[in-house]
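Since the structure is predicted, the reported quantities are computational estimates derived from the model, not experimental observations. Only heavy atoms go into these numbers, but all of them, side chains included; no hydrogens, no water, no symmetry mates. Naming: A, B, ... by sequence-line order, numbering from 1 per chain.
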2 protein chains.
Amino acid sequence: MSDLLERLRGRGWRLTAQRRVVAEVLDGDHVHYTADEVHALAAERLPEISRATVYNTLGELVTLGEVIEVSTDGRAKRYDPNAHHAHQHLVCARCGTIRDVHPSGDLLADLPTQERYGFAISAVEVTYRGLCPNCAA
Amino acid sequence: MSDLLERLRGRGWRLTAQRRVVAEVLDGDHVHYTADEVHALAAERLPEISRATVYNTLGELVTLGEVIEVSTDGRAKRYDPNAHHAHQHLVCARCGTIRDVHPSGDLLADLPTQERYGFAISAVEVTYRGLCPNCAA
DNA sequence: TCTTGACTTAGACAATGTCCAATGTAGGAT
DNA sequence: ATCCTACATTGGACATTGTCTAAGTCAAGA
């Protein structure tokens with residue numbers, strides 16, 4: 001993730017202050033912010049950045065495969081910059097916090113063809129749900 | 001699911017026309033409607049049913065463990081009445097259609113303790129994403 | 001049949017996300 | 001160094017999904 005900006009420039013991204021700030025906010029391994037959280041953090045550095053730009057930029061990063069969009073609870077989507085390493089999520093049912101975990105084995109065994117019902121499958125997600133240490137108290 | 005109404009009555013549910021209609025709409029194995037779809041279908045039989053009642057009733061059914069709430073795309077949640085048989089979901093990335101599939105083995109192997117980060121895990125979800133036969137065309 | 005607490009209703013409100021027309025600007029061309 | 005222009009940003013209106021509340025209604029036991 002640290003050389004994200006170079007990768008993006010290499011793909012012809014026009015590098016603006018807004019995009020740089022959004023990318024910097026997302027830098028880090030265990031970060032799973034909502035769009036509004038990204039907006040708030042970006043605005044600390046670039047006060048007049050608009051919500052629309054944050055949404056646009058996040059959408060572009062998802063399209064480029066640099067971050068993964070995670071919808072765990074029907075509330076705000078969260079954005080996961082750890083797109084280059086296969087991982088799964090631990091989600092708190094109360095506060096929505098997400099934590100990455102790493103595959104314990106190769107559970108991603110593909111579905112047998114007869115269970116695919118004609119779908120062209122491109123990804124598998126595994127989500128463990130429960131209460132985080134904070135909310136369990 | 002077919003004797004859902006009896007189970008609910010047995011739990012002290014007050015049986016109203018609205019609840020009956022919502023439960024009937026959800027009857028069926030491969031049904032995964034959004035709350036608005038449930039409302040529209042319920043309104044065909046009981047025209048003046050309100051959205052609030054549909055939301056309330058769906059929430060109660062989830063609390064009672066009779067249906068499962070599925071959030072696959074950050075858009076509307078879908079309600080899965082097939083709560084009594086373990087299963088996984090195949091989700092179309094374009095149209096949001098959901099299809100049930102049945103565990104091919106016991107992939108639900110628990111996470112090792114050192115990967116739980118103090119979470120009290122209560123459920124595991126597996127979602128396969130791709131394009132359904134319709135959208136692939 | 002009466003009564004009562006649970007249920008339903010309409011609509012206001014909240015949270016999240018999308019879209020658009022007007023304005024600004026990054027970076028190549030000159 | 002400056003100019004151009006296609007692409008990016010902005011603010012605000014709008015859309016979708018879901019929640020809440022106060023007032024009216026009704027299921028089911030007495």
Side-chain angles (χ1 to χ4, degrees), chain A residues 5-6 8-25 32-43 45-64 66-67 69-79 93-96 98, chain B residues 5-6 8-25 32-43 45-64 67-79 93-96 98:
Chain A
L5 291 174
E6 284 74 51
L8 295 175
R9 199 195 308 264
R11 299 209 206 190
W13 235 36
R14 179 178 286 187
L15 192 46
T16 65
Q18 291 85 348
R19 286 173 170 180
R20 192 193 318 268
V21 168
V22 169
E24 284 170 3
V25 166
H32 300 85
Y33 295 130
T34 63
D36 259 14
E37 287 165 351
V38 172
H39 179 235
L41 292 164
R45 307 199 200 183
L46 190 64
E48 290 314 310
I49 191 172
S50 74
R51 291 192 328 121
T53 295
V54 171
Y55 277 102
N56 288 343
T57 303
L58 290 172
E60 287 156 9
L61 289 170
V62 169
T63 297
L64 294 174
E66 295 290 344
V67 307
E69 201 172 62
V70 185
S71 297
T72 56
D73 60 356
R75 301 181 59 84
K77 292 175 193 166
R78 290 174 181 272
Y79 293 87
R94 279 231 312 139
C95 67
I98 300 179
Chain B
L5 292 174
E6 283 75 52
L8 295 175
R9 198 198 307 265
R11 299 211 206 189
W13 239 36
R14 180 178 284 187
L15 191 47
T16 66
Q18 291 84 348
R19 286 173 169 180
R20 191 194 318 269
V21 168
V22 169
E24 285 170 1
V25 166
H32 300 85
Y33 295 130
T34 63
D36 260 14
E37 288 166 349
V38 172
H39 179 234
L41 291 164
R45 307 199 201 181
L46 190 64
E48 291 314 308
I49 191 172
S50 73
R51 290 192 328 120
T53 295
V54 171
Y55 277 100
N56 287 343
T57 304
L58 290 171
E60 287 156 8
L61 288 169
V62 169
T63 298
L64 292 174
V67 307
I68 292 174
E69 201 172 62
V70 185
S71 296
T72 56
D73 60 356
R75 300 182 60 83
K77 291 176 193 166
R78 289 174 181 271
Y79 293 86
R94 279 230 313 139
C95 67
I98 300 179

When you check the phosphate oxygens OP1 and OP2 of C/dT9, does a side-chain N or O of B/Gln18 lie under 4.0 Å from one of them?
-> yes
Nearest-nucleotide check on DNA chain C, A/Arg78 vs B/Thr53; residue mapping nearer the 5' end is B/Thr53
Nucleotide C/dG27, atom P - distance to CG of A/Leu8 in whole Å = 12 Å
What integer distance in Å separates A/Arg20:CZ from C/dG27:P?
-> 8 Å
Given that B/Ile49 and B/Gly74 both sit by DNA chain C, which one's nearest nucleotide is further toward the 5' end?
-> B/Ile49
Nearest-nucleotide check on DNA chain D, B/Ala35 vs B/Leu15; residue mapping nearer the 5' end is B/Ala35
Take atom CG of B/Asp73 and atom P of C/dT16, then tell me their distance rounded to the nearest Å.
-> 16 Å
Would you classify A/Thr16 as touching base, sugar-phosphate or nothing, given that sugar-phosphate means primed atoms plus P, OP1 and OP2, and contacts are heavy atoms under 4.0 Å?
-> sugar-phosphate
Checking A/His39 side chain against A/Ile49 main chain: does a donor-acceptor pair fall under 3.5 Å?
-> yes
A/Asn56 atom CG is separated from C/dC20 atom P, nearest whole Å, by 12 Å
Compare side-chain N and O positions of B/Arg19 against OP1 and OP2 of C/dC7 and report whether any pair is under 4.0 Å apart.
-> yes
Pair of N/O donor and acceptor under 3.5 Å linking C/dA6 base with B/Arg14 side chain = yes
Separation of atom CH2 in A/Trp13 from atom C1' in C/dG28, rounded to whole Å | 20 Å
Between B/Arg19 and B/Arg14, is there a donor-acceptor pair closer than 3.5 Å when you use the side chain of the first and the backbone of the second?
-> yes
Is it true that A/Glu60 and A/Arg11 make a salt bridge, defined as a side-chain N closer than 4.0 Å to a carboxylate O?
-> no
Check: A/Val25 and A/Tyr79 side chains under 4.5 Å, non-hydrogen atoms = no
Among C/dA10, D/dG11, C/dG17, the nucleotide that comes nearest once only the side chain of A/Ala76 is considered = C/dG17
Hey, are the side chains of A/Leu8 and A/Leu15 touching, using non-hydrogen atoms and a 4.5 Å cut-off?
-> no
Round to the nearest Å and state the distance from A/Glu48 atom CD to C/dT23 atom P.
-> 18 Å
Side-chain N,O (A/Tyr55) to OP1/OP2 (C/dT18) below 4.0 Å | no
B/Arg9 CZ to D/dA27 P, straight-line distance once rounded to whole Å | 13 Å
Euclidean distance, atom CG of residue A/Leu46 to atom P of D/dA8 [Å, nearest integer] = 16 Å
Closest to side chain of B/Ala52, choosing from C/dT8, D/dT10, C/dA10 = C/dA10
Base D/dG18 to side chain B/Arg51, donor-acceptor N/O within 3.5 Å cut-off | yes
